[in-house]
Asks: 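The structure is given below, and queries will be raised subsequently.
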Amino acid sequence: MKRAIPAVAFDILARLGLGGLFIYSSWYKIQDPGLFADAVAGYAILPACCVGLFALILPMLELVAGAALIVTKWSREAALILLALLLSFFVGLSQAWIRGLEISCGCFGPDAGTPSPLWMDIIRVLFLLIPVIWLVVRPNGWLFPRPLKG
Amino acid sequence: MKYAIKDIVHRLPFNLWVLAGLILLSVVLGILNNFRVYEEQRVPWFGPAAEEETEADADLAETDGEAN
């Protein structure tokens, strides 16, 4: 069965874009888990006992899911993890915005100078949900499907 | 019961084992990462780093107060 070219092109773009973005965003959190733990504590949503473990595991989930999206054929499973992460980001950011917490997102590293407003981060998360949901409903496969021989 | 669980797993639109593998890999790597980084970058296994710092600061302030 032939796959439609625009759909395949969007698959490739979404996988490379999301994979790269999540690998990039995980990098500073992996380099300095303590700094990221401070950012997580700022959201005041998790009980104190869970902040440390959360700050250790979340960046690795981003890295593993981002890499899996690019280099493995299990795009649907990787996208499902990213969907769960984005939904948790949405909940965390929304509650911080509603409560009027003056924190920075902490998504791509500690903000130098004035942090971006939280509503902008919420819009970014909602925008990222589009390609993630697309990949969740698409079938699994390698990033660059090989042409059939013969 | 055993067959019912198998049936549910087969009907899922994704591979549950791959999903579990990816999550488990992240947990293991995350825990190992805390051993890799420098001591000042580590986080306590249970509890926020910020709270530890605050307690340490409070202890330090108390000691300073006693010294004065």
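Lettering follows sequence order; numbering is per chain, from 1. Every value quoted in this text rests on a predicted model; they were computed, and no experiment measured them.
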Asks: Does the A:Glu77 side chain pair with the main chain of B:Asn15, one donor and one acceptor, at a distance under 3.5 Å?
Replies: yes
Asks: In Å and rounded to the nearest 0.5 Å, what is the CD1 to CG distance from B:Ile31 to A:Leu53?
Replies: 6.5 Å
Asks: Determine, using the 4.5 Å side-chain heavy-atom cutoff (strictly less than), whether A:Leu83 and A:Leu126 are members of one ILVMFWY cluster.
Replies: yes
Asks: Quick check for you: to the nearest 0.5 Å, what is the distance between B:Arg42 atom CZ and A:Leu56 atom CG?
Replies: 11.0 Å
Asks: Check whether B:Ile23 gets within reach of chain A through its side chain, its backbone, both or neither, counting any heavy atom under 4.5 Å.
Replies: both
Asks: What option among A:Ile30, A:Leu63, A:Ile81 has the most heavy-atom pairs under 4.5 Å with chain B?
Replies: A:Ile30
Asks: Given side chain to side chain contact (heavy atoms under 4.5 Å, CB included), test B:Asn33 with A:Met60 step by step and report yes or no.
Replies: CA-CA 9 Å; B:Asn33 188 43; A:Met60 282 299 174; 3.8 Å; yes
Asks: For residues A:Leu80 and A:Val71: do they belong to one hydrophobic cluster (side chain heavy atoms under 4.5 Å, members Ile, Leu, Val, Met, Phe, Trp, Tyr)?
Replies: yes
Asks: How long is the span from the CD atom in B:Glu40 to the CG atom in A:Asp32, to the nearest 0.5 Å?
Replies: 8.5 Å
Asks: Please check if A:Trp27 and A:Leu82 belong to a single hydrophobic cluster, counting links between Ile, Leu, Val, Met, Phe, Trp and Tyr side chain heavy atoms closer than 4.5 Å.
Replies: no
Asks: Side-chain heavy atoms nearer than 4.5 Å, only ILVMFWY residues, links allowed to pass through others: does that put B:Leu24 and A:Ile57 together?
Replies: no
Asks: About how many Å separate OG of B:Ser26 and CG of A:Leu58, when rounded to the nearest 0.5 Å?
Replies: 9.5 Å
Asks: Report yes if the side chains of A:Gln31 and B:Val37 come closer than 4.5 Å at any heavy-atom pair, otherwise no.
Replies: no
Asks: At a 4.5 Å cut-off on heavy atoms, which part of A:Pro33 comes close to chain B: side chain, backbone, both, or neither?
Replies: both
Asks: As an exercise, state the distance from CG of B:Leu22 to CH2 of A:Trp74, rounded to the nearest 0.5 Å.
Replies: 8.0 Å
